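Please read all numbers here as calculations on a predicted model, not as lab measurements. Counting starts at 1 for both ligands and their atoms, following the listed order. Hydrogens, waters and symmetry mates are skipped; everything else that's a heavy atom, side chains included, is used.
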Amino acid sequence: MVYFSVAGAFAQDLRALARIDVVQSSISDMSYREMKLSLKLSQAIPYRIFALSAPDRLVFDFKEVDWTGFSTKKAVMSEKIKELRFGAFQAGWSRMVIELNEPMVLDEAEMRVDSLGDGAILEAKFRLASPEEFAQQIGPRVEAGWDLPKSIDVAIPKSRQTGDKPLIVVLDPGHGGIDSGARHGEHYEKTLVLKFAKELKEKLLLTGRYKALLTRDDDEFISLPGRISRARAMGADVFISLHADALESGWATGTTVYSLSDEASNEASAYLAARQDHNDLLAGVDLTHQSDAVATVLMEMARVETKPRSDLLADMVVSGVAQSIGRLRKRPHLYAGFSVLKAPDIPSILIELGFMSNTRDLNNLMNTKWRNKVIEGIVLALDAWSVEDAAQAQLLRQ
Ligand SMILES: [Zn+2]
């Protein structure tokens with residue numbers, strides 16, 4: 001799974017910098033035209049890549065990297081590099097600058113979270129280019145996961161849905177922009193899940209019972225916290241992230257629904273509280289002037305109510321989809337620490353529609369009939385969930 005994230009992989013010390021693994025980080029030539037950079041980091045962090053001219057440079061900006069031990073001599077194994085510099089850039093941010101012998105452009109970049117939870121790896125590939133092509137990538141790219149979510153005005157409390165208004169469902173097609181997600185041949189996860197999200201949105205709107213919105217409706221990069229912020233700004237009653245990741249082992253198959261694990265849920269509260277932008281964390285509760293401890297407690301309280309609502313939704317999506325397509329994999333509801341599920345106050349699930357690495361799954365994903373069936377199952381699930389959830393809200397009130 002490809003995640004650009006401030007809250008991506010939680011390190012032991014939640015406030016620690018991302019440390020660079022000097023042994024597993026290098027910049028080397030792939031061919032006479034191509035160069036590859038691999039940086040192993042102790043956790044996933046937001047980054048951006050852009051170019052500067054005179055002299056020709058590639059610039060990497062990162063959220064706080066601890067460069068201890070990193071040495072140009074050991075890391076650089078490319079003929080295409082004249083000089084490499086790195087260090088702190090401004091408060092909270094780090095920069096690495098590669099001065100080039102010849103103009104090169106970025107082909108692809110992705111930050112992968114290690115499947116064993118052991119940090120993250122940034123891989124970027126560059127190729128030789130004409131001066132004109134190089135000129136096109138000059139200047140910071142705003143879309144590359146750099147911008148942290150702006151604080152959104154949350155003065156109006158988001159009250160729990162009670163079934164008397166159309167349910168606001170925010171669909172979040174995974175990845176986008178520079179982050180393609182999984183890839184199989186010419187098929188990209190970011191494109192497949194966007195198509196699915198648009199179809200699901202149409203279906204939900206047709207029922208008249210839902211207001212459906214997308215976090216992105218084109219090939220745009222959004223950071224993970226940015227996705228939650230958008231959902232909140234849209235007034236989400238429910239947040240559904242959509243993915244179709246390839247697993248390297250290749251055996252994984254079928255649809256899986258994730259909700260946040262207890263462990264991740266506890267860590268998330270502490271981590272979010274440690275961030276400065278308290279006011280963006282919890283709708284309706286102004287945490288700006290609260291201490292970390294108070295913010296953590298307030299978020300815990302919201303989470304205690306939200307978590308079973310997310311779990312119920314995940315269970316219902318599992319049975320809805322099982323009902324519409326006939327079968328599911330063995331453990332279709334799993335718990336994980338995905339950042340995108342960490343809103344304390346919005347019931348959130350992540351649906352892995354299938355695994356692009358599996359031929360049957362990929363064929364399913366490409367098949368309109370199959371997609372329609374899954375969509376039918378999700379709508380069924382939302383129907384059942386919204387009624388049950390509203391009934392429970394009533395009980396709480398009495
Ligand atoms: Zn994905």
Would you check if there is a donor-acceptor pair between the side chains of Asp389 and Gln161 at a distance under 3.5 Å? yes
Measure from the Zn ion (ligand 1) to each N, O or S atom of Glu352 and report whether any distance is below 2.8 Å. no
Decide if atom CD of Glu123 counts as having more than 12 heavy atoms of other residues, nucleotides or ligands within a radius under 6.0 Å. yes
Indicate whether the side chain of Tyr188 and that of Asp219 have a donor and an acceptor atom separated by less than 3.5 Å. no
Taking the Zn ion (ligand 1) as the vertex, measure the angle between atom NE2 in His175 and atom OE2 in Glu189; round to 10°. 100°
The Zn ion (ligand 1) - closest N/O/S atom in His243: ND1
Ring center gap for Tyr335 and Tyr258 short of 6.0 angstrom: no
